[in-house]
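First up is the structure itself, then whatever we jot down about it.
Just so we're clear, the structure is a prediction, and the values are computed from it rather than from any experiment.
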Amino acid sequence: MMDRQRIQELIPHRDPFLFIDRVTELDPEEISIVAQKKISKDEPYLDGHFPGNPIMPGVLVIEALAQTGLICLFDLKLIDPDGEFFFTGIEQVKFRHPVVPGDLLQLHAKLLKNKRTIWKFEGRAFVGEQIAAEGLFTAYATPRS
């Protein structure tokens, strides 16, 4: 549905800090999205986390979920991509399953509520049928002054 080129047209993140390869679903009525990240053995962070037992850091899984939510807001034109936006909070985050090279990380984000410039998402990251991480994410977005 959306390839990496289109993703890079929507969000400013670039390698090595772009954690979305493609979007497979976008539901404008539910304001939800499903994206994917294939975890390669060549990911730069894996050399140090952890040598001999590479695992994607949980904070990067959270960042991937935040990027997924941002793509949803931009593509549905709910916020202006030229505006200012910041990841402002995470709540109730749980890490349940490690993410390792060879995994296909499925990233699900759904808007829970919006109040003016504050956007709150529920996010879940899956490896296969297992939840790798889940939590609530808050972002601030406003037009650039």
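Residue pairs meeting the ring-ring contact (aromatic ring centres under 6.0 Å, His included) criterion with at least one partner in residues 35-74, sequence neighbours excluded, are Phe74-Phe85. Listed by first and then second residue, the salt bridge (charged side-chain N to carboxylate O under 4.0 Å, His left out) pairs involving residues 39-51 are Lys37-Glu43 (not counting sequence neighbours). The ring-ring contact (aromatic ring centres under 6.0 Å, His included) contacts involving residues 93-113 comprise His108-Phe126, where partners must be two or more places apart or lie in separate chains. Residue pairs that meet the salt bridge (charged side-chain N to carboxylate O under 4.0 Å, His left out) test with at least one member in residues 122-133, sequence neighbours left out, are Glu122-Arg124, Arg124-Glu134. Screening residues 101-119 for salt bridge (charged side-chain N to carboxylate O under 4.0 Å, His left out) gives Glu30-Lys110 as the qualifying pairs, with residues at least two apart or on separate chains.
With sequence neighbours excluded, the residues satisfying salt bridge (Lys or Arg N to Asp or Glu O under 4.0 Å) with Asp75 are Arg6. Glu25 pairs by the side-chain hydrogen bond (donor to acceptor under 3.5 Å, both in side chains) definition with nothing, not counting sequence neighbours. Under the ring pair (Phe, Tyr, Trp, His ring centres under 6.0 Å) criterion, Phe17 pairs with Phe19, sequence neighbours left out. In this view, Glu91 and Lys120 satisfy the side-chain hydrogen bond (donor to acceptor under 3.5 Å, both in side chains) rule, not counting sequence neighbours. When the side-chain hydrogen bond (donor to acceptor under 3.5 Å, both in side chains) test is applied to Gln106, no partner is found at least two apart in sequence or on another chain. For the ring pair (Phe, Tyr, Trp, His ring centres under 6.0 Å) test, no residue two or more places apart in sequence or in another chain qualifies with Phe121. In this view, Arg4 and Asp15, Asp21 satisfy the side-chain hydrogen bond (donor to acceptor under 3.5 Å, both in side chains) rule, not counting sequence neighbours.
The CD1 atom of Ile71 sits 5.0 Å away from the CD1 atom of Ile20 when rounded to the nearest 0.5 Å. Separating the CD atom in Gln130 from the CZ atom in Arg96 is a distance of 11.5 Å, to the nearest 0.5 Å. The CD atom of Gln5 lies 11.0 Å from the CG atom of Leu10; values are rounded to the nearest 0.5 Å. The CD atom of Glu84 sits 11.5 Å away from atom CD1 of Ile79, with the distance rounded to the nearest 0.5 Å. From Leu107, atom CG reaches atom CD of Glu63 across 11.0 Å, with rounding to the nearest 0.5 Å. Atoms CD and OG1, from Gln36 and Thr68 in turn, are 10.5 Å apart once rounded to the nearest 0.5 Å.
By the rule that hydrophobic residues join a cluster once side-chain heavy atoms approach within less than 4.5 Å of another member, Leu70 and Val23 end up as members of one cluster. In the hydrophobic clustering of ILVMFWY residues, with side-chain heavy atoms under 4.5 Å counting as a link, Val100 and Leu65 come out apart. The cluster map of Ile, Leu, Val, Met, Phe, Trp and Tyr, joined by side-chain heavy atoms under 4.5 Å apart, puts Val34 and Leu136 in different clusters. Under the 4.5 Å side-chain heavy-atom criterion for ILVMFWY residues, no single connected hydrophobic cluster contains both Trp119 and Phe86. By the rule that hydrophobic residues join a cluster once side-chain heavy atoms approach within less than 4.5 Å of another member, Leu73 and Ile11 end up as members of one cluster.
No side-chain donor-acceptor contact under 3.5 Å links Thr117 to the backbone of Thr142. With Lys38 contributing its side chain and Gly102 its backbone, the two residues share a donor-acceptor pair below 3.5 Å.
A heavy-atom distance below 4.5 Å is found between the side chains of Met56 and Leu105. Using a 4.5 Å heavy-atom cutoff, the side chains of Phe137 and Ile62 are in contact.
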Q: Begin from the C-alpha positions of Cys72 and Leu26 and carry the test side-chain contact (heavy atoms from CB on, under 4.5 Å) through to its verdict.
A: CA-CA 7 Å; Cys72 182; Leu26 184 65; 3.8 Å; yes
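Considering all non-hydrogen atoms of both residues, Glu29 and Asp27 come closest at N-OD1, 2.9 Å. Residues Val99 and Ala132 approach most closely at CG2-CB, 3.7 Å, considering heavy atoms. Minimum heavy-atom separation, Ser40 to Leu46: O-CD1, 3.3 Å. Residues Ile31 and Pro28 share a closest heavy-atom pair of CG1-O, 3.5 Å. Residues Ile7 and Met2 approach most closely at CG1-SD, 3.9 Å, considering heavy atoms. Taking both residues in full, the closest heavy atoms of Pro16 and Pro44 are given as CB-CG, 3.8 Å, listed atom of the first, atom of the second, then distance.
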